[in-house]
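One structure is given here, and the rest of the page talks about it.
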Amino acid sequence: AMRLNRGLAEQGEALSGLSEMQIAEKLEGEARLARARLDNMFAEASRQVRALAQRSDVMKAIASENDVTIRELFAPAAKVAELDLLLAVDTEGHIVGASTTIDLLGVQDAFRASDLGASITDIVRENDRIKRRIFQVSRRLGPVVGQALGFADADRIGHLIVDPVFDDFGDVAGALIGLRVLAPVEATLEAFSSLARAGVTVLSSRGPVSSGGGTPLRVAGPDAPNGKLLHSIDGASIARCVDYLGDLQVCAHTNSAEVKASQEQMFRIGAEQTRSLMIWFLVLAAGSLVALVSALLISVRHATRGLPQLSQAATAVA
């Protein structure tokens, strides 16, 4: 019985490990799908900016270099296109308007202090309608650019698109800059979480950047061995992560009770098997014992069957 219990416990551990590996593979697949969902969201933002850059009223507004006119046109356009910000750039690479009221000079200086300034200037110079060149990048905004654009969190992730605007003669009239930023609670991730039935969190080295589907995942470190689950700091969640944009990772997570329930189910199956086998063992042992005692009684009776005659003969001889 002890050997049986030990063997079934080892089997239960092996089966629970297999179940944990299956959950890890499932979560990793969902993390990859969530990452693809973010890529599609940014690709849609690029498509919206390109469509806006080809509108004649946008071209005329940028050519006017009137920040009030630009804001009145860009504000509803950004809302419809689900963009956080639209900026107008003149032919010299200077920012002349935006969809919201911000410090245009401050944004200009912030772009020049980063590598974005050169990329914007390159788009408005030496561009051609036939061989149209655009610039787009998904990255951390950083403290300088983020604060200039009105985002205090330096870890905010944004997709920046710079698309040239051409006049009726095919000459560059400026450029349109679109920005799509990941919100702390992103609607796209919320929609995906409801379908996948798992939470999604975009993690940086300093903690959660964006999330969907409940409480953001918080871990000591976003790396886990192959096939193993990543456990949250409070132990309430398990997750798997995939790389995204440098040191960022997209993690899919679920309640750790799912693994515990699986392990308990495996141990319960093992215990039921042990109990069933022990019952059969006891039944067979009892049957064997009854058979042994019956055989012993029959043998003793058979062996002592002639004792009365032997006693009478001994008496007669005496």
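Nothing here was measured: the structure is a model prediction, and the numbers come from that model. The first residue in the sequence is number 1, and the count goes up from there.
- In this structure, a donor-acceptor pair under 3.5 Å is absent between the side chains of Ser232 and His253.
- When atom types are taken as modelled, the side chain of Thr201 and the backbone of Leu217 share a donor-acceptor pair closer than 3.5 angstrom.
- Here the side chains of Val185 and Glu190 are in contact, with some heavy-atom distance below 4.5 Å.
- Nearest heavy-atom pair across His231 and Val219 is O-CG1, 3.7 Å.
- The two residues Ser119 and Asp115 make their nearest non-hydrogen contact at OG-O, 3.4 Å.
- For the atom pair Leu182 CG and Ser211 OG, the distance stands at 10.5 Å (nearest 0.5 Å).
- With Thr121 contributing its side chain and Ala118 its backbone, the two residues share no donor-acceptor pair below 3.5 Å.
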- Item | Asp122 vs Arg133, salt bridge (charged side-chain N to carboxylate O under 4.0 Å, His left out): CA-CA, chis, key distance, verdict | CA-CA 9 Å; Asp122 182 63; Arg133 291 184 294 106; 3.0 Å; yes
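- Rounding to the nearest 0.5 Å gives a distance of 8.0 Å between CD1 of Ile23 and OG1 of Thr254.
- Formation of a donor-acceptor pair under 3.5 Å by the Ser193 side chain with backbone atoms of Ala198 is found in this model.
- Between Phe111 and Ile177 there is a side-chain heavy-atom pair separated by less than 4.5 Å.
- One distance of note links CG of Leu105 with NE2 of His94; it measures 10.0 Å at 0.5 Å rounding.
- Side-chain contact check for Val172 versus Val165: every heavy-atom pair is 4.5 Å or farther apart.
- Rounding to the nearest 0.5 Å places OG of Ser204 at 7.5 Å from CD1 of Ile157.
- Minimum heavy-atom separation, Ala34 to Val250: CB-CG1, 3.9 Å.
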- Can you list the steps and then say if Arg156 with Asp84 is a salt bridge (charged side-chain N to carboxylate O under 4.0 Å, His left out)? CA-CA 12 Å; Arg156 293 294 288 276; Asp84 294 276; 5.7 Å; no
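- The backbone N or O of Lys26 sits nowhere less than 3.5 Å from a side-chain atom of Arg240 that would complete a donor-acceptor pair.
- Judged purely by atom type and a 3.5 angstrom limit, Glu25 has no side-chain atom pairing as donor or acceptor with the backbone of Gln22.
- Between the Ser99 side chain and the Arg71 main chain, no donor and acceptor come within less than 3.5 Å of each other.
- Phe151 and Val209 fall into different hydrophobic clusters, where Ile, Leu, Val, Met, Phe, Trp and Tyr are joined by side-chain heavy atoms under 4.5 Å apart, directly or via other members.
- Between the side chains of Ser46 and Gln136, a donor-acceptor pair is found at a separation under 3.5 Å.
- Both Met41 and Leu189 are part of a single hydrophobic cluster, where members link through side-chain heavy atoms under 4.5 Å apart.
- Around CD of Glu82, the count of heavy atoms belonging to other residues, nucleotides or ligands within 6.0 Å does not exceed 12.
- Thr69 and Ala61 get closest at one heavy-atom pair: CG2-CB, 4.5 Å.
- A donor-acceptor pair is defined here as one N or O able to donate and one able to accept, closer than 3.5 Å; such a pair exists between the side chain of Gln108 and the backbone of Ile95.
- The cluster map of Ile, Leu, Val, Met, Phe, Trp and Tyr, joined by side-chain heavy atoms under 4.5 Å apart, puts Phe42 and Val49 in different clusters.
- Cluster annotation: Leu86 and Ile134 are assigned to distinct hydrophobic clusters (Ile/Leu/Val/Met/Phe/Trp/Tyr, side-chain heavy-atom contacts under 4.5 Å, transitive).
- Counting heavy-atom neighbours within 6.0 Å of Arg129 CZ, excluding the residue itself, gives a total above 12.
- Between the CZ atom of Phe166 and the CG atom of Asn127 there is a distance of 4.5 Å, given to the nearest 0.5 Å.
- Considering only heavy atoms from C-beta on, Thr100 stays 4.5 Å or farther from Phe74 through its side chain.
- Side-chain atoms of Tyr244 and Gln249, non-hydrogen and from C-beta on, never get closer than 4.5 Å to each other.
- Looking at Val145 and Leu149, their side chains come closer than 4.5 Å, going by heavy atoms from C-beta outward.
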- Could you give me the CA-CA distance, side-chain angles and deciding distance for Leu38 and Phe192, then say whether side-chain contact (heavy atoms from CB on, under 4.5 Å) is met? CA-CA 10 Å; Leu38 292 176; Phe192 176 80; over 6 Å; no
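- Atom CG of residue Leu87 and atom CG of residue Leu104 lie 7.5 Å apart, to the nearest 0.5 angstrom.
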- Message: As a quick check of understanding, evaluate side-chain contact (heavy atoms from CB on, under 4.5 Å) for Asn66 and Ile70, giving each step before the final call.
- Response: CA-CA 6 Å; Asn66 186 316; Ile70 293 172; 5.6 Å; no
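- In this structure the side chain of Asp57 reaches within 4.5 angstrom of the side chain of Leu73, judged on heavy atoms.
- With no hydrogens or angles considered, a side-chain donor-acceptor pair links His159 and Ser138 at under 3.5 Å.
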- Task: Using the side-chain contact (heavy atoms from CB on, under 4.5 Å) rule, take Arg140 and Asp247 through it: C-alpha gap first, then chi angles, then the decisive distance, then the call.
- Result: CA-CA 10 Å; Arg140 258 200 200 97; Asp247 65 334; 3.2 Å; yes
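- Closest heavy-atom contact between Ala196 and Glu30: O-OE2, 3.4 Å.
- Side-chain contact between Ser114 and Val144 is absent, with no heavy atoms from C-beta onward closer than 4.5 Å.
- The two residues Arg180 and Ala45 have their closest heavy-atom pair at CB-CB, 3.9 Å.
- Connection of Leu85 to Ile161 is not established within any shared hydrophobic cluster, with ILVMFWY side chains joined at heavy-atom distances below 4.5 Å, either directly or through further cluster members.
- Salt-bridge formation is not detected for the pair Asp243/Arg32: no Lys NZ or Arg NE/NH1/NH2 atom is positioned less than 4.0 Å from an Asp or Glu carboxylate oxygen.
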- Full working for side-chain contact (heavy atoms from CB on, under 4.5 Å) between Leu116 and Phe135: CA-CA 10 Å; Leu116 297 174; Phe135 171 77; 4.0 Å; yes
